[in-house]
Amino acid sequence: MKHWLFKTEPSEFSIDDLRRSPQGTAPWDGIRNYQARNLIRDEMAEGDRVLIYHSSSDPTGVAGTARIARAAYPDHTAWDPKSDYYDSRSKPEAPTWFMVDVRFEERFAGLLTLVAMREIPALREMIVLRKGMRLSVQPVTAAEFEAVVRHARALGKAAGG
DNA sequence: GCCAACGTTGGC
DNA sequence: GCCAACGTTGGC
C-alpha cells in the first residue's frame, strides 16, 4: 500500500466538502500536470492512504486523511468544452488525463500547519516542505504519513478535543 | 498583492 | 533540441 498527499484549495474543495460528498467519496478531477498524471495513472491503487492538504489558505496544512476509493480512470472533464478543465488534446479513445476517486476517512481537530510540520524532524524530507514544490499530488512515505497523523491527533488533544 | 519557482509553449 | 517568454502555483 502506498501513501500520498493531495493538495486542494479549501475555498474550492475542502475536506469538509469531501466528507459531505455522497458516501464521503468524490472524484479528484482537474489534475493537468504530467508528473501528477503519471502518479495517478501508474502508481495509485484502491486502498492507498491520502493526506488531504489545504493550500492557498490561512493557515495552510494537512486537514485530515482519505483513501483512494477507485484507481485511475479517464478524467472526462477534459472532454467537456464547458469545463474549466477542458483540454482538446484528450480524447475518449486516447485519454490524456486521469483521476482517482477519494473517500473521506478522518478530519483532524485542527490543521497540522506547514509551519508546525517544518518543526517535526520525521518530516524533514517531506516533499511538500521543499521550496518551490508545486506538484499537486505527491508520494509520502509510510513513516511520514504516520508522523503527520500522530502529531495532528496530539494537536487535537492539546486543544481539548 | 507580491513574486520566486517551476512547467509549458513555441520560435528558431 | 535549445531556451526565452509566458502562465500558474502557492507561500508569505
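What you find for A:Ala147 and A:Leu123 is that their closest heavy atoms are CB-CD2, 3.9 Å. Closest non-hydrogen pair, A:Leu5 versus A:Met126, comes out as CD1-CE, 3.9 Å. Taking each heavy atom of A:Met1 and A:Gly47 in turn, the nearest pair found is SD-O, 3.4 Å.
For the contact set between residues 82-91 of chain A and DNA chain B, defined by any heavy atom under 4.0 Å, the members are A:Arg89. Residues of residues 116-134 of chain A that place a heavy atom closer than 4.0 Å to DNA chain B, in numerical order, are A:Lys131, A:Gly132, A:Arg134. Sorted by residue number, the members of residues 30-37 of chain A with any non-hydrogen atom under 4.0 Å from DNA chain B read A:Asn33, A:Tyr34.
As judged by a 4.0 angstrom heavy-atom cut-off over every strand, A:Thr60 is placed among residues touching the sugar-phosphate backbone only.
Applying the salt bridge (charged side-chain N to carboxylate O under 4.0 Å, His left out) test to A:Lys2 and every residue at least two apart in sequence or in another chain returns A:Glu43. In this structure, the side chain to side chain contact (heavy atoms under 4.5 Å, CB included) partners of A:Arg124, at least two apart in sequence or on a different chain, are A:Pro121. Checked against side chain to side chain donor-acceptor pair (under 3.5 Å), A:Ser14 has the following partners two or more places apart in sequence or in another chain: A:Asp17.
Clustering of Ile, Leu, Val, Met, Phe, Trp and Tyr side chains at separations under 4.5 Å places A:Val100 together with A:Trp4, A:Phe6, A:Phe13, A:Ile15, A:Leu18, A:Trp28, A:Ile31, A:Leu39, A:Ile40, A:Met44, A:Val50, A:Ile52, A:Ile68, A:Phe98, A:Val102, A:Phe104, A:Ile127, A:Met133, A:Leu135, A:Val137. A:Met99 belongs to a hydrophobic cluster whose remaining members, ordered by chain and number, are A:Tyr73; membership requires side-chain heavy atoms of ILVMFWY residues under 4.5 Å apart, directly or through intermediates. Other cluster members for A:Val115: none, since no ILVMFWY side-chain heavy atom sits under 4.5 Å from it.
Identified under the salt bridge (Lys or Arg N to Asp or Glu O under 4.0 Å) test for residues 143-152 of chain A, with sequence neighbours left out: A:Arg49-A:Glu146.
Rounded to 10 degrees, the angle separating the terminal helix axes of the helix from B:dG1-C:dC12 to B:dC12-C:dG1, each built from five base pairs, is 10°.
A continuous path of ILVMFWY side-chain contacts below 4.5 Å connects A:Leu129 to A:Leu51, so both sit in one hydrophobic cluster. A:Leu114 and A:Leu111 are not part of a single hydrophobic cluster, where members link through side-chain heavy atoms under 4.5 Å apart.
Neither side chain, A:Thr25 nor A:Arg67, offers a donor N or O lying under 3.5 Å from an acceptor on the other.
Salt bridge A:Asp87/A:Arg32: absent, no basic N to carboxylate O contact under 4.0 Å.
For DNA chain C, the span of nucleotides reached by chain A at under 4.0 Å from its heavy atoms goes, 5' to 3', from C:dG7 to C:dC12.
For A:Trp97 and A:Tyr86, the ring centers are positioned 6.0 Å apart or more.
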